[in-house]
Protein chains: 2
Amino acid sequence: MARAAGDPERSYGGVPLTRRRAERRDRLLAAGVELFTSVGYQQTKITELCAAAGMSNRGFYQEFDTKEQLLLALHSRTNQLAYDHVSQALTALDVVDVQARVGLLVDVFMAAVMSDPRLPRLNYVEAVGVSPALERQHEEWVGRWSALIEQEADQAAASGTAPRRDFHLTAIALVGAITGLLREWQAHAAHYPPAEIAAEAKAVILAAITR
Amino acid sequence: MARAAGDPERSYGGVPLTRRRAERRDRLLAAGVELFTSVGYQQTKITELCAAAGMSNRGFYQEFDTKEQLLLALHSRTNQLAYDHVSQALTALDVVDVQARVGLLVDVFMAAVMSDPRLPRLNYVEAVGVSPALERQHEEWVGRWSALIEQEADQAAASGTAPRRDFHLTAIALVGAITGLLREWQAHAAHYPPAEIAAEAKAVILAAITR
DNA sequence: TATATTCGGTAATCCAAATTACCATCCGAA
DNA sequence: TTCGGATGGTAATTTGGATTACCGAATATA
């Protein structure tokens with residue numbers, strides 16, 4: 001039996017539609033990271049994007065409706081990846097010691113986000129203030145990250161390492177602190193060894209929680 | 001003797017050129033704050049700006065070359081104003097107690113920046129990632145603000161209230177923490193009383209310095 | 001192998017918005 | 001009160017770039 005038109009599995013050039021689309025998408029994502037962080041998001045033209053991704057102008061609209069959607073995808077992807085790693089690591093670590101837990105949280109997070117200096121640039125500079133949708137997505141992630149920190153703080157409080165109190169705003173401030181460090185780092189990556197950035201983040205978080 | 005053409009004092013409509021220009025400029029700045037924070041920087045058209053400022057399209061180019069310059073002016077103006085207040089207040093306060101000094105620093109800063117929720121929105125959301133020039137200006141201000149915090153930390157260390165160490169990165173992280181709090185606040189101003197934000201900022205700064 | 005169909009590239013099309021040219025108006029000086 | 005020059009508004013111009021229409025090439029099926 002023949003595969004009907006539009007069938008996702010219908011292969012073409014030996015490659016099924018599904019995969020071709022996925023590959024195109026990946027190439028566009030890669031081009032997005034590259035151009036958004038060098039040329040700048042706003043300054044990047046769809047055409048340039050396609051050229052960098054090795055496809056024609058048309059290919060873009062096959063995968064995304066707008067440039068903003070590509071940026072949303074990138075922003076979300078980086079956060080999600082880091083978040084998965086971090087929460088997985090924290091779950092695996094069945095230790096209650098705050099210092100150890102926060103240390104791991106920061107190390108894993110930083111490893112994910114600083115693996116490529118373009119990532120913090122993309123998420124903390126280029127993706128800011130672009131559109132209401134992006135601000136919403138930013139807010140969501142701030143919520144998730146701060147909830148994670150808040151959780152650790154609460155746990156520390158429960159085990160007596162930290163005072164019992166509401167850590168909500170503290171967690172938000174700490175997310176801001178990390179963001180600030182990374183924004184500085186991406187601007188002057190040469191000046192700061194990643195380890196120093198991570199160390200500072202840990203220290204500030206611990207100080208604020210166990211204050 | 002008659003005033004030559006182009007003389008800045010040459011009055012027109014009873015108002016000297018200098019003042020007319022200053023007033024136009026002010027109206028454009030006000031329109032910029034309003035539109036950049038409601039419509040969004042990128043989405044704001046020069047024409048809208050002029051309409052809001054009660055002048056014709058042409059008036060804009062009389063005072064600024066580009067929309068970006070208007071944004072640069074606004075960004076700088078808010079920082080400068082806050083900075084003047086803060087450094088003046090700190091100089092006037094001849095007390096060495098860190099808690100008191102940081103408390104004042106934060107109070108004065110927050111009073112200046114939170115007087116209008118649009119200001120943090122403008123400086124911490126709309127003005128981010130707009131252009132290399134704006135990033136440069138941002139970096140400069142981060143440098144000034146963190147230097148101020150670093151100075152207080154050093155002073156605290158000198159008086160034995162804080163450990164002696166390099167506070168450079170800590171200060172940068174703390175600037176980020178304040179920025180993060182304000183960015184959250186401007187997005188959900190209704191949820192957080194300004195005093196809570198200020199209190200949290202103070203607490204985090206003190207904890208990080210005296211850790 | 002022939003044919004219907006899908007894919008992807010090229011090249012218009014179309015639009016929005018910055019920039020500028022031009023004109024009517026207004027002012028100050030003689 | 002008349003003239004030269006400045007001022008600011010209106011409206012055309014132009015450009016940059018997103019979006020789309022169309023076409024040839026390539027593929028799978030009968």
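Since we're looking at a predicted model, the values are computed, not measured. Throughout, a chain's letter reflects where its sequence line sits, starting with A, and its residues are numbered from 1. Basis for what follows: all heavy atoms, side chains included, without hydrogens, waters or symmetry-related copies.
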So which nucleotide from C/dT10, D/dA18, D/dT10 ends up closest to the side chain of A/Lys45? D/dA18
Can you measure B/Gln43 atom CD to D/dA18 atom P for me and round it to whole angstrom units? 15 Å
Within the pair B/Tyr61 and C/dA18, is there a side-chain N or O less than 4.0 Å away from OP1 or OP2? no
Separation of atom CG in B/Asn57 from atom C1' in D/dT13, rounded to whole Å: 13 Å
With no hydrogens and no angle check, do the side chains of B/Glu184 and B/His191 hold a donor and an acceptor under 3.5 Å apart? no
Calculate the interatomic distance between B/Arg20 atom CZ and D/dG9 atom P; express it in whole Å. 12 Å
Rounded to the Å, how far apart are A/Gln62 CD and D/dT20 P? 13 Å
Separation of atom OH in A/Tyr41 from atom P in D/dG17, rounded to whole Å: 14 Å
In whole angstroms, how far is the C1' atom of C/dG8 from the CZ atom of A/Arg25? 19 Å
Quick one: do the A/Tyr192 and B/His168 side chains pair a donor with an acceptor below 3.5 Å? yes
Decide side chain to side chain contact (heavy atoms under 4.5 Å, CB included) for A/Gln99 and A/Lys202; before the verdict, give the C-alpha distance in whole Å, the side-chain angles of both, and the deciding distance to 0.1 Å. CA-CA 8 Å; A/Gln99 178 139 8; A/Lys202 288 178 206 170; over 6 Å; no
Which is true for A/Arg24 with a 4.0 Å heavy-atom rule: it touches a base, it touches only sugar-phosphate, or it touches nothing? sugar-phosphate
Assess, by modelled atom type and distance only, whether the side chains of B/Trp145 and B/Asn79 contain a donor and an acceptor separated by less than 3.5 Å. yes
In whole Å, I'd like the distance from the CZ atom of A/Arg21 to the P atom of C/dG8. 10 Å
Residue A/Ser56, side-chain heavy atoms: nucleotide from C/dA18, C/dG9, D/dA18 that is nearest: C/dG9
Provide, to the nearest angstrom, the distance between the CZ atom belonging to B/Arg58 and the P atom belonging to C/dC23. 14 Å
